[in-house]
**Student:** 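I am attaching a structure below and will ask some questions about it afterwards.
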Amino acid sequence: MTPTPGTPVPHLARTNPGALSPPTGFSHAVTATGSRLVFLAGQTALDGDGHVRHPGDLPAQFRLALGNLLAALDASGGTPADLARVTVYTTDVPAYRAVARELGAVWRELAGRDYPAMAVIGAVRLWDEQALVELDGIAALP
């Protein structure tokens with residue numbers, strides 16, 4: 001059963017202390033009390049045949065990489081609301097920041113507003129050479 005976006009998920013508590021900068025598109029801390037952890041491998045914009053799609057288009061690659069991450073989570077019995085942690089690796093942090101609003105809209109469309117704890121890390125290159133972004137994560141399932 002998929003929770004309605006914005007509905008609290010009982011096994012995940014999102015904490016955003018008032019003393020910290022207000023979070024936008026992430027939570028400062030997530031406490032998981034689920035009984036199963038799902039560790040999600042890094043996903044890029046690979047299609048089903050193993051080819052990187054959308055060369056040079058960071059938002060399109062982000063959409064496909066997030067879709068791949070969520071497909072792995074779904075196959076494990078989880079939903080986007082079960083994500084406790086996501087790390088985004090990008091080969092171009094300034095380009096990522098420049099399209100952050102668009103990426104946020106993609107996130108909300110595919111994963112809702114139950115934001116996990118997140119980090120964006122700049123990388124010289126990713127395993128898949130044409131990949132501009134890669135996402136991995138940890139989910140806690142009830």
**Student:** Membership question, hydrophobic clusters at under 4.5 Å side-chain separation (ILVMFWY): are L73 and V86 in the same one?
**Tutor:**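 Yes, it is one cluster - the side chains of V86 and L73 are joined through contacts under 4.5 Å.
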**Student:** Checking T91 now: which residues fulfil side chain to side chain contact (heavy atoms under 4.5 Å, CB included) with it, not counting sequence neighbours?
**Tutor:**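 For T91 the side chain to side chain contact (heavy atoms under 4.5 Å, CB included) partners, ignoring immediate neighbours, are L126, L132.
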**Student:** Evaluate the side-chain proximity of R108 to Y115: yes if any heavy-atom separation is below 4.5 Å, no if none is.
**Tutor:** yes
**Student:** Look at the side chain of R36 and the backbone N and O of A140, then say whether any donor-acceptor pair between them is shorter than 3.5 Å.
**Tutor:**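 Pair absent, no side-chain N/O of R36 close to backbone of A140.
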**Student:** Taking D114 for the side chain and P80 for the main chain, is one N or O donor matched with an acceptor at less than 3.5 Å?
**Tutor:** no
**Student:** Indicate the atoms forming the closest heavy-atom contact of G78 with L141, along with that distance.
**Tutor:**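 Taking every non-hydrogen atom into account, N-CD2, 3.7 Å.
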**Student:** Mind checking the OG1-CH2 spacing from T44 to W127? Nearest 0.5 Å is all I need.
**Tutor:** 12.0 Å
**Student:** Determine the interplanar angle of the F62 and W107 rings, folded into 0 to 90°, and report it as parallel if under 30°, tilted if 30 to 60°, perpendicular if over 60°.
**Tutor:**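 Aromatic pair F62/W107 classed tilted.
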**Student:** Nearest 0.5 Å please: distance from the CG atom of D92 over to the CZ atom of R97.
**Tutor:** 12.0 Å
**Student:** Any side-chain heavy atom of R63 within less than 4.5 Å of one from L110?
**Tutor:**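 They are in side-chain contact.
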**Student:** I'd like to know if the side chain of D47 reaches the main chain of D49, judged simply by a donor and an acceptor atom lying under 3.5 Å from each other, with no hydrogens or angles considered.
**Tutor:**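 A pair under 3.5 Å: yes.
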**Student:** Say you draw a straight line from CG of D74 to CG of D82; how long is it, rounded to the nearest 0.5 Å?
**Tutor:** 10.5 Å
**Student:** Would you check if D128 and L46 make a side-chain contact, meaning some heavy-atom pair closer than 4.5 Å?
**Tutor:**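 A side-chain contact under 4.5 Å exists here.
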**Student:** Is the count of non-hydrogen atoms from other residues, nucleotides or ligands lying under 6.0 Å from R101 atom CZ greater than 12?
**Tutor:** no
**Student:** Any side-chain to backbone donor/acceptor pair from D57 onto H54? Under 3.5 Å, distance only.
**Tutor:** no
**Student:** Check for me, please, whether L69 and L64 land in the same ILVMFWY cluster - side-chain distances under 4.5 Å, paths through other members count.
**Tutor:**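 No, L69 and L64 fall in different hydrophobic clusters.
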**Student:** Taking all non-hydrogen atoms of both residues, which atom of E102 and which atom of P59 are closest, and how far apart?
**Tutor:**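 Smallest heavy-atom distance, with atoms named: OE2-CB, 3.3 Å.
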**Student:** Say you draw a straight line from CZ of R85 to CG of L37; how long is it, rounded to the nearest 0.5 Å?
**Tutor:** 14.0 Å
**Student:** Counting C-beta onward and ignoring hydrogens, is there a side-chain heavy-atom pair between M118 and V88 closer than 4.5 Å?
**Tutor:** yes
**Student:** Looking at CD of E109 and CG of L66, how far apart are the two atoms once the value is rounded to the nearest 0.5 Å?
**Tutor:**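 One finds 9.5 Å between CD of E109 and CG of L66.
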**Student:** Taking it one step at a time, do V52 and Q61 satisfy side-chain contact (heavy atoms from CB on, under 4.5 Å)?
**Tutor:** CA-CA 8 Å; V52 174; Q61 284 199 11; 3.7 Å; yes
**Student:** Go through the structure and list residues passing side chain to side chain contact (heavy atoms under 4.5 Å, CB included) with N16, not counting sequence neighbours.
**Tutor:** P23, S27, H28
**Student:** Please report the C-alpha distance between L12 and T31 in whole Å, then the side-chain angles of each, then the deciding distance to 0.1 Å, and finally whether the side-chain contact (heavy atoms from CB on, under 4.5 Å) criterion is met.
**Tutor:** CA-CA 6 Å; L12 292 178; T31 303; over 6 Å; no
**Student:** Does a side-chain heavy-atom distance below 4.5 Å link L40 with I138?
**Tutor:** no
**Student:** So, applying side chain to side chain contact (heavy atoms under 4.5 Å, CB included) with Y89, which one of L135, V120, D136, V133 is it?
**Tutor:**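 Option passing the side chain to side chain contact (heavy atoms under 4.5 Å, CB included) with Y89: D136.
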